[in-house]
Peer 1: 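Quick one: the structure is below, questions incoming.
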Amino acid sequence: HHIGTITGDITYTFEEDRLSIAATYDSGMAIAYDAIDSLELRENFTIGMRLYGFASARLSMGSFSNDTLSDYTLYAYNACKSAVVIQSEDKWLVITAETPEETQALYQTLLEKTGN
């Protein structure tokens, strides 16, 4: 099975009490719904600079920094400009699906799960 620079996926799984994120090239993570303090859908999110992590033509993930959030954790499809911005305590997590429509659906599901 050949892994090229245009392959790779990010999988979001809504578990009973948490969102699990699994990604090609990355160990992934999970965030409990009750740890989420705020959620926001941004139409045009600027990724900014990679501090460490992985970036290909298709995906970006790891620790990034931009003007609005400073340092944050990212799981993103580069082609998708919409992003869900999640605040948990003093940390930021930004996630995107492959398309703006799927990203919107991620956002809606998270809203329901967190009761925000």
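Reckoned from all heavy atoms, side chains included, excluding hydrogens, waters and symmetry mates. Numbers here are sequence positions counted from 1.
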Peer 1: Can you name the residues that form a side-chain hydrogen bond (donor to acceptor under 3.5 Å, both in side chains) with Ser20, not counting sequence neighbours?
Peer 2: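 Once residues adjacent in sequence are excluded, the partners of Ser20 under the side-chain hydrogen bond (donor to acceptor under 3.5 Å, both in side chains) criterion are Glu15.
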Peer 1: Do the side chains of Phe64 and Tyr52 join up, straight or via other hydrophobic residues, at under 4.5 Å, putting them in one cluster?
Peer 2: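 They do not share one cluster, since no chain of ILVMFWY contacts under 4.5 Å joins Phe64 to Tyr52.
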Peer 1: Taking the side chain as every heavy atom from C-beta outward, state whether Thr109 and Tyr12 have any pair of such atoms under 4.5 Å apart.
Peer 2: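 The answer is no; the side chains never approach within 4.5 Å.
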Peer 1: Can you name the closest pair of heavy atoms from Thr96 and Ala76 and give their distance?
Peer 2: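 In terms of heavy atoms, the two residues are closest at OG1-CA, 3.4 Å.
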Peer 1: List for me each residue that meets side-chain hydrogen bond (donor to acceptor under 3.5 Å, both in side chains) alongside Ser60, sequence neighbours excluded, and say none if there are none.
Peer 2: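 Asn78.
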Peer 1: Is there a path from Phe14 to Ile31 through hydrophobic residues (I, L, V, M, F, W, Y) whose side chains come within less than 4.5 Å of each other?
Peer 2: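 Linked, Phe14 and Ile31 end up in one cluster.
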Peer 1: Provide the closest heavy-atom pair for Thr24 versus Gly8 in the form atom of the first, atom of the second, distance.
Peer 2: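 Heavy-atom minimum between the residues: OG1-CA, 3.4 Å.
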Peer 1: Check whether any side-chain heavy atom of Ile36 lies under 4.5 Å from a side-chain heavy atom of Leu19, and answer yes or no.
Peer 2: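 Of all side-chain heavy-atom pairs linking Leu19 with Ile36, none is under 4.5 Å.
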Peer 1: Got a donor-acceptor contact below 3.5 angstrom from the Thr103 side chain to the Ala83 backbone?
Peer 2: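 Checking the backbone N and O of Ala83 against the side chain of Thr103, no donor-acceptor pair under 3.5 Å is found.
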Peer 1: Just jot down the salt bridge (Lys or Arg N to Asp or Glu O under 4.0 Å) partners of Glu102, sequence neighbours excluded, or say none.
Peer 2: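 Checked Glu102 against salt bridge (Lys or Arg N to Asp or Glu O under 4.0 Å); zero matches.
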Peer 1: Listed by chain and number, what are the ring-ring contact (aromatic ring centres under 6.0 Å, His included) partners of Tyr72, not counting sequence neighbours?
Peer 2: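 Scan of Tyr72 (ring-ring contact (aromatic ring centres under 6.0 Å, His included), adjacent residues dropped) gives Phe45.
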Peer 1: Determine whether more than 12 heavy atoms belonging to other residues, nucleotides or ligands lie under 6.0 Å from atom CZ of Arg18.
Peer 2: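 Check fails, neighbour count at 12 or below.
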Peer 1: Spell out, as yes or no, whether a donor-acceptor pair under 3.5 Å connects the side chain of Ser63 to the backbone of Leu51.
Peer 2: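 Pair absent, no side-chain N/O of Ser63 close to backbone of Leu51.
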Peer 1: Shortest non-hydrogen contact from Glu40 to Arg42?
Peer 2: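 Scanning both residues, the minimum pair turns out to be OE2-NE, 3.0 Å.
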Peer 1: Mind listing the closest non-hydrogen atom pair of Pro100 and Ser82 along with its distance?
Peer 2: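 Closest heavy-atom pair between Pro100 and Ser82: CB-OG, 3.6 Å.
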Peer 1: Taking side-chain hydrogen bond (donor to acceptor under 3.5 Å, both in side chains) as the test, write out the residues that go with Ser65, two or more places apart.
Peer 2: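 With sequence neighbours excluded, Ser65 shows a side-chain hydrogen bond (donor to acceptor under 3.5 Å, both in side chains) to Asp71, given in chain and number order.
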Peer 1: Taking Ile95 as the fixed residue, which of Thr73, Ile86, Ile10 is the one that meets the side-chain contact (heavy atoms from CB on, under 4.5 Å) rule?
Peer 2: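 Among Thr73, Ile86, Ile10, the one meeting side-chain contact (heavy atoms from CB on, under 4.5 Å) with Ile95 is Ile86.
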Peer 1: With respect to Leu111, which candidate in Leu106, Leu39, Leu41, Val84 satisfies the side-chain contact (heavy atoms from CB on, under 4.5 Å) definition?
Peer 2: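 Output: one option passes, namely Leu39.
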Peer 1: Count I, L, V, M, F, W, Y as connected when their side-chain heavy atoms are under 4.5 Å apart, and connections chain through other members. Are Met29 and Leu110 then in the same cluster?
Peer 2: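 Both belong to a single hydrophobic cluster.
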Peer 1: Hydrophobic clustering (ILVMFWY, side-chain heavy atoms < 4.5 Å, transitive) - are Met61 and Trp92 grouped together?
Peer 2: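 No; Met61 is not reachable from Trp92 via cluster members.
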Peer 1: Just wondering, do Leu93 and Ile21 contact through their side chains at under 4.5 Å, heavy atoms?
Peer 2: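 Touching, per the 4.5 Å side-chain cut-off.
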Peer 1: State which residues pass side-chain hydrogen bond (donor to acceptor under 3.5 Å, both in side chains) with Asp9; sequence neighbours excluded, sorted by chain then number.
Peer 2: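 So Asp9 forms a side-chain hydrogen bond (donor to acceptor under 3.5 Å, both in side chains) with Arg58, Tyr77.
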Peer 1: Between NZ of Lys91 and CG of Leu69, what distance do you get to the nearest 0.5 Å?
Peer 2: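 Between atom NZ of Lys91 and atom CG of Leu69 there are 14.5 Å.
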